[in-house]
Amino acid sequence: MNTLENIKTEILNCKKCSLYKERLKTVFGEGNPKAKIVLTGEAPGASEDKRGLPFCGAAGKILDELLESAGIKRKEVYITNILKCHPPGNRGPRKKEIKACAPYLDRQIEVIKPKTICTLGNYSTKYIFEKYGLKNEIQGISKIHGKVYPVKFKKVYALPSGIEQFKGVKIIPLYHPAAALHNPNLKELLKKDFLTLKEL
Ligand code: URA
Ligand code: SF4
């Protein structure tokens, strides 16, 4: 059965891409299993690799700040990543790693059934837009951040059950919180975009 517990167990033992060799811990995701909002980042960083929790390092601090500024409680939402293992040296995810790992994200989304999927940064935006029938809308994050894209499909082919639950689910792409680490202007933009998220 597709449950969060089952997916988590599979990930703990996963060797579907070479990232398993150097990971310290897999980072499954955390939060409310019935969340209305799923936020998805890119991949665990070094802190996440050590602790096994998503967004628990420097980027996580920014994310916490953004959630707080919008009045959203971290434990109300569900936070995860496209890749569940840390890429060495924090390099970007590779195509074949995304291909191997993203089905776990698809399944998490299928179980949680959020009303809104918030993609953090270019990698997760591209992945989710392609899967959810928004391929033609893909542009750099600087162009599309903070806009709301309703899913037009009835069915999402990524999802094993193909249930007709995704029409109207809202996708909102945002800058990756790490981008705001050394850029106060971006942080202000992100804060505004998080208010849009709160309104949804
Ligand atoms: N950056 C991400 O994309 N995800 C994390 O969990 C931490 C940093
Ligand atoms: Fe498996 Fe994903 Fe880790 Fe690769 S990154 S080993 S696919 S859990």
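Heavy atoms only: backbone and side chains are in, while hydrogens, waters and symmetry mates are out. Order of listing sets the numbers, starting from 1, for every ligand and every atom in it. Values in this document were obtained by computation on a predicted structure and should not be read as measured data. Positions are given from 1 along the sequence.
With 2.8 Å as the limit, C17 counts as an N, O or S neighbour of atom 4 (Fe) of ligand 2.
Close approach to R23 involves these atoms of ligand 2, each under 4.0 Å from a residue heavy atom: 3 (Fe), 6 (S). In the vicinity of P54, heavy-atom distances shorter than 4.0 Å reach the ligand 1 atoms 6 (O). Shown in contact with Y20 at under 4.0 Å from a heavy atom are these atoms of ligand 2, numbered in order with element: 6 (S). Set against the non-hydrogen atoms of G41, the atoms of ligand 1 under 4.0 Å away are 3 (O). Every atom of ligand 2 with a heavy atom of C14 under 4.0 Å away is listed here by number and element: 1 (Fe), 6 (S), 7 (S), 8 (S). Within ligand 1, the atoms closer than 4.0 Å to a non-hydrogen atom of H176 are 1 (N), 2 (C), 3 (O), numbered from 1 in the order shown.
In this structure, the side chains of V111 and I7 come closer than 4.5 Å at one or more pairs of heavy atoms. Side-chain contact between E42 and L83 is absent, with no heavy atoms from C-beta onward closer than 4.5 Å. With contacts defined as side-chain heavy-atom distances shorter than 4.5 Å, the pair V77/N32 does not qualify. The closest side-chain heavy-atom distance from I37 to K115 is not below 4.5 Å.
Contacts between E42 and ligand 1 below 4.0 angstrom, taking non-hydrogen atoms only, involve backbone and side chain alike. Contact annotation for E97 and ligand 2: no heavy atom of the residue comes within less than 4.0 Å of the ligand. The residue C56 has no part lying near ligand 1, judged by heavy-atom distances below 4.0 Å.
For atom 4 (N) of ligand 1, the nearest protein heavy atom (residue, atom name, distance) is N81 OD1, 2.8 Å. Regarding atom 2 (Fe) of ligand 2, its nearest protein heavy-atom neighbour is C101 SG, 2.3 Å. Nearest to atom 3 (Fe) of ligand 2 among the protein's heavy atoms is C85 SG, 2.3 Å.
For ligand 1, the polar-atom distance check finds no N/O of P44 at less than 3.5 Å from any of the ligand's N/O atoms.
Between K126 and E130 there is a salt bridge, since at least one side-chain N of the basic residue sits less than 4.0 Å from a carboxylate O of the acidic one.
One side chain, Q108 or K84, offers a donor N or O that lies under 3.5 Å from an acceptor on the other. A donor-acceptor contact closer than 3.5 angstrom links the side chains of Y127 and D106.
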**Report entry** Worked check of side-chain hydrogen bond (donor to acceptor under 3.5 Å, both in side chains) between T119 and S124
**Finding:** CA-CA 5 Å; T119 58; S124 60; 4.6 Å; no
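A 6.0 Å sphere centred on CZ of R23 holds more than 12 heavy atoms belonging to other residues, nucleotides or ligands. Within a 6.0 Å sphere centred on CD of E5, heavy atoms belonging to other residues, nucleotides or ligands number 12 at most.
Residue contacts with ligand 1 include A43, since one of its heavy atoms falls under 4.0 Å from the ligand.
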